[in-house]
Each structure stands twice: as C-alpha cells, then as structure tokens.
Amino acid sequence: MVVSKWDATVLTLFPQMFPGPLSASLAGKSLNQKIWTLKTLDIRDFASDKHRTVDDNPLGGGVGMVLRPDVVAAALTHVAEAPGPRIYLTPRGRVLDQKLVRDLAEQPGAVFLCGRYEGVDQRVIDSTDMMEISIGDYILSGGEPAAMIVIDAVVRLLPGVMGKENGHRDDSFEVGLLEHSQFTQPRIWQGIEAPSVLASGHHQKIAEWQLAEAKRETQTRRPDLWEQYLRAQQKRETDA
Ligand code: ADE
C-alpha cells in the first residue's frame with residue numbers, strides 16, 4: 001500500500017471543477033496511485049442561512065461580491081485536521097516560482113482557498129495567517145485554475161511521480177537557467193540538421209553544449225533570470 005506523500009484540500013464554490021485537468025497525465029496517474037490525495041469541499045455547505053448565502057456587497061461600495069469571513073472561517077475550521085499551510089490564491093499574493101513549489105512539496109500537504117467574485121474578506125485571511133499566492137500578474141475569474149497550477153507543479157516533484165526518464169533535476173529554474181533546446185529524430189528534417197554534437201555519443205561534450213545553450217537561451221529570452229543567475233554564480237564563487 002502506498003502511503004500518500006501529499007494531501008491537497010481545496011475549498012471552493014465550484015467543486016465540480018476538480019480534479020479536472022489534474023485527472024490526466026502525471027498528476028492523474030499519481031493521484032490514482034495515491035501518491036497524493038485530493039479532497040474538495042463546497043464553501044456553500046458552510047453557509048448558515050436557508051438561502052446558503054456565502055457572499056455580500058463590499059463594505060464601502062463597489063462592484064462585485066465578497067466572500068463572508070464567517071462562512072470561510074467555518075470551512076477552514078472543518079478542515080482543521082488537514083495537513084500543511086493554508087493558502088489563499090489571489091493576484092495580490094507572492095508570485096509562485098520553483099523555489100516556492102519546492103518548499104510546498106516538502107510539506108505534508110496544503111489547504112487551498114479559492115476565491116471568486118471580488119475576493120474574500122481580509123479579516124479571515126489575516127486572522128488565520130494564510131499564505132497568499134499569485135500565479136502571475138493577470139486576473140483569473142477565480143482561484144481554482146491557480147490552485148490547480150500550484151498542485152500540478154508540486155505533485156510532479158513528489159517521490160515516485162516522475163520516472164528517471166522524466167527527471168526534473170535539469171528542469172528550467174531548478175538550476176536558475178531555462179532549459180536548453182531539445183531535438184529528436186529525424187536527424188535531418190526539412191533540410192535542417194539537429195546539432196551534430198548531440199549524436200556524437202560524447203557525454204561530456206553533450207553536457208557542455210547543453211549548458212552553453214541553456215545560458216545563451218536564458219540570456220536572450222529572460223535577461224531578468226540571467227542577471228539573477230550571474231549574481232548567484234558570483235556569490236557561489238565568493239563563498240567558495
Ligand atoms: N485569482 C484571480 N487571479 C489570480 C492569480 N493571478 N493568481 C492567483 N489567484 C488568482
């Protein structure tokens with residue numbers, strides 16, 4: 001029997017969105033294998049009135065609706081035993097990167113609160129000390145796709161999810177560089193030959209080519225990452 005390595009709990013007004021894309025590919029296979037688990041709860045089940053009201057107008061006026069703190073708190077209390085940090089998905093949060101993904105994968109799980117409408121009353125976010133995470137500088141219609149993205153990025157790092165052939169050690173961002181370009185058969189396609197060093201069988205030369213290529217691509221595509229990489233490199237040299 002596999003003991004799950006990571007337990008995701010999702011609080012949402014749209015539980016039918018899950019597992020959605022998480023049921024396919026690596027995430028889906030590892031979910032079936034119980035390497036990780038997924039539990040979704042409908043926030044509406046925690047409303048206390050007969051109309052099952054979960055939101056109200058924003059205080060101070062404005063468009064849209066805000067999720068009530070009492071309803072969200074009741075949902076969070078219900079999952080008090082669920083392991084891991086409490087995460088609220090919001091464009092105001094810390095922007096997700098591979099370091100944060102690695103940190104989350106070290107935890108026993110996570111509880112995700114997906115907001116809709118204009119958001120969630122800030123008092124419940126602050127009083128339960130939730131971590132606020134954004135998946136980028138754009139606005140989604142709700143936190144659900146953002147939660148799926150965080151979950152997908154985490155579960156592929158869990159032991160047993162990726163075979164050796166899919167190893168993620170050389171992934172973009174794991175070493176601070178974008179990945180080098182990839183090539184496969186046929187060696188010559190439409191008159192364009194794949195870099196011949198890759199078929200040389202010379203492992204060291206291949207590794208050197210791949211590193212040089214990763215550096216070149218990072219420098220041209222993502223000057224911001226390249227600067228970070230150089231700074232980290234300098235620090236490693238001074239520390240050594
Ligand atoms: N909810 C709406 N937009 C979002 C974003 N960019 N990241 C996380 N949660 C969100």
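For ligands, and for the atoms within them, numbers begin at 1 and follow the listed sequence. For this chain, numbers begin at 1 and follow the sequence in order.
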Do [X] and ligand 1 have an N or O pair less than 3.5 Å apart?
X: Leu140; answer: yes
X: Gly136; answer: yes
X: Ile135; answer: yes

Is there a heavy atom in Leu96 that sits closer than 4.0 Å to ligand 1?
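In this structure, Leu96 fails to qualify as a contact of ligand 1 - no heavy atom is under 4.0 Å.
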Note: Glu144-Arg116 ion pair, threshold 4.0 Å (strictly below):
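Counted as a salt bridge, because a side-chain N and a carboxylate O are separated by less than 4.0 Å.
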So, are Glu213 and Arg216 salt-bridged, with charged N and O less than 4.0 Å apart?
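Arg216 and Glu213: salt-bridged.
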Per-atom contacts of ligand 1 with Ile133, taking only distances under 4.0 Å to non-hydrogen atoms:
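So the answer, numbered in order with elements, is 8 (C).
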To which of Gly115, Ser134, Pro91 does the heavy atom nearest atom 1 (N) of ligand 1 belong?
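Among Gly115, Ser134, Pro91, the closest heavy atom to atom 1 (N) of ligand 1 comes from Pro91.
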How does the hydrophobic cluster around Ile139 look, that is, which other residues are in it when side-chain heavy atoms under 4.5 Å mark a link?
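So far as hydrophobic clustering goes, Ile139 is joined with none.
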I'd like a table of donor-acceptor pairs (distance under 3.5 Å, sequence neighbours excluded) in which one partner is a side-chain atom from residues 71-84, with atom names and distances.
{"residue": "Thr77", "atom": "OG1", "partner": "Ala73", "partner atom": "O", "Å": "2.8"}

Do me a favour and list the nearest non-hydrogen protein atom to atom 6 (N) of ligand 1 with residue, atom name and distance?
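Of every protein heavy atom, Tyr138 O, 2.8 Å lies nearest to atom 6 (N) of ligand 1.
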Spacing of Ile35 atom CD1 and Leu158 atom CG [to the nearest 0.5 Å]:
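Taking CD1 in Ile35 and CG in Leu158, the distance rounds to 7.5 Å.
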